[in-house]
Amino acid sequence: MSITSLVTTSARSSVSSSIGDSAELEGNLTLSDRLKAFKSSQFDPDTYVTSKCQHMNEKEIRHLCSYLVELKKASAEEMRKSVYANYSAFIRTSKEITVLEGQLLSIRNLLSTQSALIQGLAEGVRIDSLYADSEDSMDGDISNLKNETLPNMENGLAEFLENLEVLLAERRVDEALAALEEGQRMVKEAKQGRTLSQTAYFSLQSAISKQRQKLSVHLAEAICQPSTRGIELRSIVSALKRLGDGPRSHTLLLNSHHQRLQSYVQSVRSSSNLCGGAFTATLSQLVFSTIAQAARDSLAVFGEEPAYSSELVTWAVKETETFALLLKRHILSSAVAGGSLRVVTETIQICLGHSSVLEARGLALSPVLLRFFRPSVEEALSAYLKRIEKSSAAQAAADDWLLAYPPSGARPLSSTTSLNSAITSQPKLSISAHKFNSLVQELLEDIGPLENLKLDGPALEGVFQAFNSYVDLLIKALPGSTENEENLEGSFNRIVSMAETEAQQIALLANASLLADELLPRAALKLLPLNQSNRVDMTPRKASDRQNRFPEQREWKRKLQRLVDRLRDSFCRTHALDLIFTEDGEIRLNAETYTCMDESTEEPEWFPSPIFQELFIKLTQMASIATDMFVGRERFATILLMRLTETVILWLSDDQNFWVEIEEESNPLGPLGLQQFYLDMEFVMLFSAQGRYLSRNLQQVIKNIIARAIDVVAATGIDPYSVLPEDDWFAEIAQIAIKMLSGKVNFGNEERDATSPTASISAKSMSSGISHGSN
């Protein structure tokens with residue numbers, strides 16, 4: 001397409017507002033000011049675009065071209081909507097014009113007849129006067145010749161009228177039409193040559209008019225007969241048109257097809273052998289095949305005259321609306337009430353399939369069907385989404401939160417699908433997650449083919465809301481979850497099976513993560529305008545790559561991920577509180593752990609504090625469970641461990657009571673307490689780094705905490721760096737602690753060098769560490 005057409009199409013959208021630096025200047029102008037350049041009769045699109053693009057690079061020009069193409073599509077869509085919005089008014093006006101033209105033609109014929117009558121009367125009087133005044137002077141031979149000719153022609157006229165009567169009586173339509181046309185010719189010749197007397201002339205004209213009217217009535221009655229169809233129908237309609245009654249003949253043609261269609265529909269409705277899809281298919285085929293036959297008959301007899309084409313379109317739209325209302329009343333209403341979205345979509349697909357055949361004839365009836373069916377689809381979609389929420393809640397009440405592959409009969413594998421790809425594409429989920437996933441898959445698969453309804457947005461939003469409700473159920477399944485009833489809205493009124501063990505709780509995260517990251521985005525691909533072959537047997541990676549090409553679905557996926565983050569945060573908060581508080585509600589991680597060390601006379605036992613030992617053990621156990629659950633998806637496990645560690649350390653960083661006690665002047669943090677605190681933080685960083693879940697945020701928070709503790713000691717007048725050992729000392733103790741807590745080394749029978757950094761680790765601390773590791 002040329003630049004000229006592109007610019008002209010998008011002029012209303014003010015293309016100049018998106019080009020280069022002029023966008024900011026034109027953004028402050030009114031719409032009228034922006035359009036001034038386009039309103040000029042001397043406007044040159046090529047010159048305009050050239051002036052705007054001369055300072056743009058290739059990337060900006062490509063972006064502009066893409067933008068213009070989008071504007072062109074939007075303009076075409078707007079024009080299409082405008083045409084459909086005003087089409088009924090256009091058809092109505094066109095039909096009124098056609099009727100008016102017919103009335104004007106009738107008036108013209110009437111005036112012509114009256115004019116001929118008056119002229120004939122005037123000529124008759126003149127002729128009689130001439131005959132009276134010139135009897136003696138007129139040539140006797142000519143007078144005798146005329147007097148002999150008139151009776152002869154009048155005798156032929158009587159024979160002609162008698163023959164016409166016979167043809168009409170015997171229903172010989174074609175011959176009667178030929179006779180009527182011959183009569184019209186005789187009337188014309190008689191008028192021009194005065195070959196008939198005035199009385200004979202008017203008798204012929206009146207007789208032809210009466211016989212024409214009689215034949216017209218006969219043809220109209222024949223068209224209305226149910227047995228009249230096919231070639232016979234077209235022949236009779238064509239004959240009526242030849243009589244000069246084209247608008248009426250076309251209307252009678254359409255009425256004939258309407259009556260026949262009503263008879264077919266009544267027969268189908270009374271049949272007890274047809275129901276559901278068979279009923280819809282049979283009825284749809286009858287309706288649109290009848291409309292197609294009417295279009296063929298109309299084209300064969302009347303051609304492509306606008307008046308008749310407009311009436312045909314109006315009639316076809318009306319018949320389609322009647323058919324749509326019938327289906328809506330007898331099929332769709334019950335399907336919507338029962339939440340059967342598949343029945344609704346299959347019914348619409350059948351109708352759209354049959355109506356598409358008419359598009360080659362210029363009858364685009366699918367917009368009519370979609371306009372009538374859209375409310376039913378929306379209602380069915382809403383009912384199905386509620387069904388997803390109820391079914392998922394029912395399954396969650398009995399879920400054991402153990403991950404397994406879907407039931408063998410849930411989704412058959414194709415012969416070309418390998419076992420590996422099947423396992424990858426169908427990951428392990430708990431019972432409720434499998435149910436949720438299967439229902440969403442069915443929903444989007446049913447909605448996908450109805451691209452013209454543009455329900456992808458409402459469908460995705462509905463799936464998001466359903467997933468939000470499911471995540472609420474998963475949060476409720478966490479023991480001791482801090483989410484209150486208001487945050488979870490109505491979902492707390494439902495009974496949910498509790499996830500007691502850590503494996504069950506991690507399974508909750510596995511459900512949400514796999515659904516949000518892979519299964520739901522892959523299901524959303526069914527809403528894209530792709531060939532079915534591109535949707536089948538698509539691996540998760542390819543499906544994810546294809547899904548990421550569409551901004552709307554990328555944003556939808558990010559919204560799903562935020563729901564997973566909410567579940568993960570609740571999980572981490574629950575386990576962090578279990579570490580920080582005892583069962584009696586007392587804080588285990590308090591300042592006294594560090595401030596009392598400098599008051600003790602006993603030799604310190606350099607080993608990570610118990611709470612951080614338990615944190616390491618918990619994270620190690622979770623890492624083992626998550627690794628088994630997230631085979632091939634280790635990123636999920638890494639994020640979980642990272643978030644849990646961050647939750648504990650961030651709590652420590654934000655606990656004002658802890659820091660008030662640490663900084664208290666009467667009993668501030670001392671050198672030994674600082675050393676223990678430094679060791680705990682280094683221990684956390686070391687095992688996080690070895691587990692590969694040490695985030696930059698966690699590392700920075702730990703550094704800030706250590707710096708704050710060092711400042712507290714420095715405020716007492718002590719040089720903190722003079723009392724702190726080298727970093728290798730902390731690293732070695734932390735490494736030994738990791739090995740001991742992991743059960744990878746036993747120092748019980750080994751002699752330690754007195755100069756070793758770990759020489760101060762007593763047997764008591766060793767046994768304490770091992771006992772924690774066994775818990």
Side-chain angles (χ1 to χ4, degrees), residues 576 579-581 586-616 642 645-690 694-738 754-762 764-765 768-769:
L579 287 171
I580 295 169
F581 292 92
E586 297 181 359
I587 299 178
R588 300 174 59 191
L589 182 57
N590 51 47
E592 188 179 355
T593 304
Y594 303 104
T595 57
C596 67
M597 291 188 66
D598 290 276
E599 299 176 357
S600 176
T601 57
E602 298 181 3
E603 179 184 359
E605 301 175 356
W606 298 116
F607 205 75
S609 299
I611 186 172
F612 294 106
Q613 295 179 42
E614 291 188 19
L615 175 61
F616 169 74
M642 185 187 302
T645 309
E646 288 178 355
T647 302
V648 175
I649 301 303
L650 285 172
W651 187 93
L652 176 62
S653 175
D654 297 335
D655 186 8
Q656 296 302 320
N657 294 330
F658 176 86
W659 290 106
V660 167
E661 294 179 13
I662 287 288
E663 298 168 354
E664 188 176 354
E665 296 182 0
S666 60
N667 187 26
L669 182 67
L672 295 179
L674 174 62
Q675 191 170 341
Q676 180 64 46
F677 188 79
Y678 199 109
L679 174 61
D680 290 341
M681 296 299 102
E682 286 291 334
F683 175 63
V684 172
M685 280 204 294
L686 183 62
F687 70 67
S688 298
Q690 291 183 355
L694 177 62
S695 65
R696 293 182 180 179
N697 181 50
L698 175 61
Q699 192 172 8
Q700 186 60 46
V701 171
I702 290 177
K703 288 182 179 179
N704 294 340
I705 290 175
I706 292 175
R708 186 172 181 179
I710 289 175
D711 291 341
V712 171
V713 174
T716 62
I718 301 175
D719 182 9
Y721 296 102
S722 65
V723 299
L724 288 175
E726 297 293 330
D727 290 343
D728 292 343
W729 185 86
F730 293 105
E732 186 172 350
I733 292 183
Q735 187 64 48
I736 292 174
I738 291 173
T755 62
S756 170
T758 61
S760 58
I761 302 179
S762 65
K764 180 179 178 182
S765 67
S768 173

Asker: Show which side-chain atoms of residues 697-704 pair as donor or acceptor with protein atoms under 3.5 Å away, not counting sequence neighbours.
Answerer:
residue : atom : partner : partner atom : Å
Gln700  : NE2  : Asn704  : OD1          : 3.0
Asn704  : ND2  : Gln700  : O            : 3.3

Asker: Holding to side-chain contact (heavy atoms from CB on, under 4.5 Å), I want the full list of residues that pass it with Gln676, two or more places apart in sequence or in another chain.
Answerer: Tyr594, Met597, Trp606, Ser609, Leu679, Asp680

Asker: Taking the side chain from Asn590 and the backbone from Thr593, do they hold a donor-acceptor pair closer than 3.5 Å?
Answerer: yes

Asker: Please name all residues satisfying side-chain contact (heavy atoms from CB on, under 4.5 Å) with Glu664, sequence neighbours left out, ordered by chain then number.
Answerer: Ser666

Asker: Do Glu646 and Ser695 get their side chains close enough for a donor-acceptor pair, meaning under 3.5 Å?
Answerer: yes

Asker: I want to know whether Phe683 and Phe687 have ring centres closer than 6.0 Å.
Answerer: yes

Asker: Between CZ of Arg696 and CE of Met642, what distance do you get to the nearest 0.5 Å?
Answerer: 11.0 Å

Asker: Between atom CZ of Phe581 and atom CD1 of Ile611, what is the distance when rounded to the nearest 0.5 Å?
Answerer: 9.5 Å

Asker: Give the C-alpha distance, both sets of side-chain angles, the deciding distance and a yes or no for side-chain contact (heavy atoms from CB on, under 4.5 Å) between Gln735 and Leu686.
Answerer: CA-CA 8 Å; Gln735 187 64 48; Leu686 183 62; 3.6 Å; yes

Asker: Not counting sequence neighbours, which residues clear ring pair (Phe, Tyr, Trp, His ring centres under 6.0 Å) with Phe658? List them please.
Answerer: none

Asker: Is it true that, when you exclude Gln690 itself, more than 12 heavy atoms of the residues, nucleotides or ligands shown sit nearer than 6.0 Å to its CD?
Answerer: yes

Asker: What donor-acceptor contacts under 3.5 angstrom involve side-chain atoms of residues 705-720, with partners at least two apart or in another chain?
Answerer:
residue : atom : partner : partner atom : Å
Arg708  : NE   : Glu663  : OE2          : 3.3
Thr716  : OG1  : Val713  : O            : 2.5
Asp719  : OD1  : Tyr721  : N            : 3.3

Asker: Which donor-acceptor pairs under 3.5 Å do side chains of residues 648-657 form with protein atoms, sequence neighbours excluded?
Answerer:
residue : atom : partner : partner atom : Å
Asp655  : OD1  : Asn657  : N            : 3.4

